[in-house]
Amino acid sequence: MREFFPNIGKIPYEGKQSTNPLAFKYYNPDEMIDGKPMREHLKFALSWWHTMGGDGTDMFGCGTADKTWGESDPAARAKAKADAAFEIMDKLSIDYFCFHDRDLSPEYGTLAETNAKLDEIVDYIAEKMAADPTKKLLWGTAKCFDHPRYMHGAGTSPSADVFAYTAAQIKKAIDATIKLGGNGYVFWGGREGYETLLNTDMGLELDNMARLLRMAVDYARSQGYTGDFYIEPKPKEPTKHQYDFDTATVLGFLKKYGLDQDFKMNIEANHATLAQHTFQHELRVARENGVFGSIDANQGDPLLGWDTDQFPTNIYDTTLCMYEVIKAGGFTNGGLNFDAKTRRGSYTPEDIFYSFIAGMDTFALGFKAARALIADGRLDQFVADRYASWTTGIGKEILDGKADMAKLEQYALEKGEVTDSLCSGRQELLESLLNNILFNLD
Ligand code: XUL
Ligand code: CO
């Protein structure tokens with residue numbers, strides 16, 4: 001088989017003293033931690049769209065990177081893409097991948113033809129996976145936002161015909177996910193939102209979105225799918241207002257339509273910042289509501305208000321992210337999908353490897369730091385102590401349901417001004433504790 005990156009070998013782990021740009025400094029895939037290798041804790045995934053398809057095209061200019069994989073015929077290119085993807089995963093010790101249907105195989109003249117060509121490439125990838133069972137599908141999804149038919153949305157389009165087309169496309173993407181053994185299926189609301197309320201029936205659009213999700217879940221379950229369904233919140237872009245604004249908004253939507261038992265969240269770091277939240281905030285909301293599922297690992301630029309999808313290099317963010325992941329019990333069906341692209345100016349084949357190494361090392365460091373933070377115990381103890389007034393006395397009575405307004409009034413009247421259960425929040429102390437943990441890692 002053709003080698004696409006002949007100048008790059010398998011990326012070794014060389015440790016933090018290494019100066020080799022093509023080596024991991026912190027990510028040691030086979031290092032055993034709590035009885036399982038680091039690769040199984042982190043479950044890194046390659047995103048087919050950015051890595052295999054993204055050529056650097058932006059609103060101001062054409063592509064800078066060659067992602068033709070040496071083929072001009074679309075079907076031949078789809079296969080070459082798969083070969084190159086497996087080579088990249090192999091060389092970087094990445095075990096998982098994620099796809100949109102149209103990343104695997106483009107649209108052809110009719111839906112029937114498009115589906116037939118998709119089947120061919122799915123079969124091809126299934127063969128490659130059978131030959132190398134270390135390569136697994138983290139999740140699949142359908143690209144219901146690219147083609148002009150989706151200009152006004154897909155599941156929330158004013159056109160019932162578009163809704164039907166969307167259902168047909170998602171049905172096929174679910175089939176592909178099942179065929180490739182995926183344990184996740186993502187709904188990111190590509191153009192499910194609005195540009196102006198002047199032309200929008202918001203109530204009908206949201207009802208229809210819920211109808212589509214219910215049909216999709218019922219269909220997948222009828223086909224024996226046992227994995228998770230994820231919603232990936234995002235507040236804006238491409239539309240001015242995306243309905244799946246953030247985790248809290250999505251939770252309200254799911255509860256209203258009785259879908260809350262069927263969905264978890266796929267939290268993307270850059271989407272959190274677009275919603276003016278921290279990455280940790282979104283993860284915490286998901287964890288506290290029992291819907292933490294998977295992560296799209298990337299980062300934005302604090303000075304830019306758009307979805308830059310950069311490879312994550314911020315150690316504070318990855319530390320606090322992995323803190324939430326560990327507290328949520330680790331990944332089950334989910335993982336860390338690099339929904340990230342090399343900068344337009346980082347256009348060479350080596351840049352793909354440098355970018356993944358940067359992102360994977362940053363998450364490995366974050367994982368180690370989060371473990372150290374938890375093992376150290378001072379942070380968790382501080383939080384427990386801060387809420388100590390709920391473990392005894394009136395606090396415990398409130399939690400036990402043994403207090404009402406009259407009883408609390410009586411208590412407050414007798415007790416007088418509150419002093420003894422107020423104490424400092426110690427924010428600066430905790431921030432320097434985090435620094436201390438980070439810079440004392442082995
Ligand atoms: C877009 C985005 C998507 C989803 C999958 O911002 O994150 O790539 O992850 O549709
Ligand atoms: Co994403």
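Counting convention: from 1, in listed order, for ligands and their atoms alike.
Residue N266 does not touch ligand 1, judged by heavy-atom distances below 4.0 Å. Counting heavy atoms closer than 4.0 Å to ligand 1, residue D309 contributes nothing at all. With a 4.0 Å heavy-atom cut-off, ligand 1 is reached by the side chain of H271 but not by its N, CA, C or O. With a 4.0 Å cut-off on non-hydrogen atoms, E237 does not touch ligand 1 at all.
Other residues, nucleotides and ligands contribute only 12 or fewer heavy atoms inside 6.0 Å of the NZ atom of K79.
The shortest N/O to N/O separation between W188 and ligand 1 does not fall below 3.5 Å. Looking at ligand 1, you won't find any N or O of T141 less than 3.5 Å from one of its N or O atoms. Close N/O approach between D339 and ligand 1 is found [any backbone or side-chain N/O within under 3.5 Å].
The OD2 atom of D339, the Co ion (ligand 2) and the OD2 atom of D296 define an angle of 90° (nearest 10 degrees).
For Y323 and D380, the side-chain atoms include at least one donor-acceptor pair closer than 3.5 Å. With 3.5 Å as the limit, one finds no donor-acceptor pair spanning the side chains of Q169 and T166.
In this structure, F44 has its ring center at least 6.0 angstrom away from the ring center of F356.
Atom OE1 is the N, O or S atom of E268 at the shortest distance from the Co ion (ligand 2). The atom name of the N/O/S atom in E232 closest to the Co ion (ligand 2) is OE2.
If you number the atoms of ligand 1 from 1 as listed, the ones under 4.0 Å from a heavy atom of D296 come out as 9 (O). Below 4.0 Å from some heavy atom of D307 lie the following atoms of ligand 1, by number and element: 6 (O). Close approach of ligand 1 to W49 (heavy-atom distance below 4.0 Å) involves ligand atoms 8 (O), 9 (O).
The nearest protein atom to atom 10 (O) of ligand 1, hydrogens excluded, is given as H100 NE2, 2.7 Å; this is a heavy-atom distance.
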### Task
Please step through side chain to side chain contact (heavy atoms under 4.5 Å, CB included) for the pair D301 and Q310, ending with a clear verdict.
CA-CA 8 Å; D301 185 307; Q310 291 165 230; 3.5 Å; yes
### Trace of the ring-ring contact (aromatic ring centres under 6.0 Å, His included) decision for Y257 with F253
CA-CA 6 Å; Y257 292 101; F253 167 87; 5.0 Å; yes
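The pair K234-D307 meets the salt-bridge criterion, with a side-chain N (NZ, NE, NH1 or NH2) lying under 4.0 Å from an Asp/Glu carboxylate O. With respect to the salt-bridge test (charged N to carboxylate O, under 4.0 angstrom), the residues E113 and K117 do not qualify.
Within the 4.5 Å cutoff, no side-chain heavy atoms of E192 are placed close to those of D244.
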